Amino acid sequence: MDSEEYKTDTTDPLAESIRPHTDPDTFRPSVLKQTQGPGAPKGFVLGAEELIMGRSSDADIRIDASEISRKHLVFRKIGQEYACTDLNSRNGVYLNGVKIHSAILKDGDLLQVGGAVFLYREGG
Amino acid sequence: MEFYVKFWGTRGSIPTPGYRTKKFGGNTSCVEIRIGQELIICDAGSGLREMGLDLVTRKQQPPQGHFFFSHAHWDHIQGFPFFLPAYQSSYTFFVYGTSAEGVRVYDLLSGQMQSSYHPVDFSELSANIQARELSEGKTQIDGIEVDSYAMNHPGGATTYSFAIDGRKTIYASDCEVDAVLANREESLADPQAPRRLPTTMVDFFRDADLAIIDGQYTDQEYLDRIGWGHSRATTLVDLAVAAGVKQLAVTHHDPMQADDDVSRKIAACRSRAERLGSDLIVFGAREGMELKID
């Protein structure tokens, strides 16, 4: 089945869910929606290959709160997905309530960093 | 000494790739444990392939790797023929087993690479791969205490604990804990009833920081699969609470369970832990997730 066939069938939910999202007109980037903590509500578009989140003024995603380390975690792009890794932060990174060292983010994940909570929305 | 656990395969029975299993993953059992410089690999399901691809790119290479197999059913060995480091002479791997079974696991691992099943013969692998036997179910690897416990599964299965400096992780795949409950009939008739576990099993799991256990079925699913060798996920909560486990990773997800099904299974476990008055952390093991054991 080629991409043209995918485009012709928009009524089949399965076909729609696996349709390649390479069309720049329909492509949506992955985003982190901050729902709690300093500065919320706020959205961060994930586009770069690597992004640092932390309290530091030169962090790509800056969260100004004392419980957040200067460089708290890093997001790295792997294909169309993002992996997040704790940078030995003081208070850790929680994914859906579980303290993790690293994980590949999936749509709907809740990421907690200090008092800040983010909802991950996968692009595609 | 740093202690990490990473999930590379969390699915039971057969690989189930696809959009339904995107969150928890579709690869069969494989867990990586890194303690200091040592690399321990629990089971070689299809998740091992990805792990091998990752391993060869790492800046810090382990001096050797140690394979521990719960048992040799296909979903626990099928990744080995596609494990890239096995084809490289710079690697050494030890394959552990219990007494005579040690040789058996090694033989079955190599047996699946005969020409009838796989184009590359085991003897053609470049890595140094050796069978090792556990002595009375135990061994030590550079200060890491390894212990084992026989579990209820068709053909048998082995659970392992890895402990160092007061930190302990347990890998328990393919086990039907429900089959050895003292009040088995009662717990089937009334899923809310407490599940009475063998003391020896509780003692083995005692005070683990992380217990990774086969919880393939929901309470309802289990009723049609009694004797198949896998547990109700909710039974693991009782085990973990009784043993004072800090974190429970439910793994070996049923191939029929989509991500939402696994999430509901975990939610039921969390409700049970709450009802038992426990602060146990329960989560569904998922591919790519890595924990640091502090």
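Heavy-atom basis, side chains included; hydrogens, waters and symmetry copies ignored. Throughout, a chain's letter reflects where its sequence line sits, starting with A, and its residues are numbered from 1. On a predicted model such as this, the values are computed, not experimentally measured, just so you know.
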Check: If you look at every heavy atom in B/K22 and A/K106, which pair is closest and at what distance?
Finding: O-CE, 3.3 Å
Checklist line | Atom CZ of B/R206: over 12 foreign heavy atoms under 6.0 Å | finding: yes
Next item on the list: Give, for atom CD1 of A/I104 and atom NZ of B/K23, the distance between the pair rounded to the nearest 0.5 Å.
Entry: 13.5 Å
Next item on the list: Could you tell me which portion of A/L105 (side chain, backbone, both or neither) has an atom closer than 4.5 angstrom to a non-hydrogen atom of chain B?
Entry: backbone
Next item on the list: First locate atom NZ of A/K99, then atom CD1 of B/I293, and finally report the distance between them rounded to the nearest 0.5 Å.
Entry: 10.5 Å
Checklist line | Region of B/I281 in contact with chain A, defined by heavy-atom distances below 4.5 Å | finding: side chain
Note to self: Are more than 12 heavy atoms, taken from residues, nucleotides or ligands other than B/L276, located less than 6.0 Å from that residue's CG atom?
What the structure shows: yes
Notebook entry, point to check: Non-hydrogen atoms of chain A under 4.5 Å away: do they reach the side chain of B/R270, the backbone, both or neither?
Noted result: side chain
Notebook entry, point to check: Does B/R286 reach the side chain of A/N96, with side-chain heavy atoms less than 4.5 Å apart?
Noted result: yes
Notebook entry, point to check: Is the closest basic N to carboxylate O distance between B/K292 and A/D86 below 4.0 Å?
Noted result: no
Check: With a 4.5 angstrom heavy-atom cut-off, which part of B/Y4 approaches chain A: side chain, backbone, both or neither?
Finding: side chain
Next item on the list: Would you indicate whether B/D279, at its atom CG, is surrounded by more than 12 heavy atoms from other residues, nucleotides or ligands within a distance under 6.0 Å?
Entry: no
Notebook entry, point to check: For A/E50, does the CD atom sit with more than 12 other heavy atoms under 6.0 Å from it, leaving out its own atoms?
Noted result: yes
Notebook entry, point to check: Measuring heavy-atom distances to chain A, does B/D259 have an atom under 4.5 Å in its side chain, in its backbone, in both, or in neither?
Noted result: neither
Next item on the list: Answer yes or no: does atom CD of B/E274 have more than 12 heavy-atom neighbours from other residues, nucleotides or ligands under 6.0 Å?
Entry: no
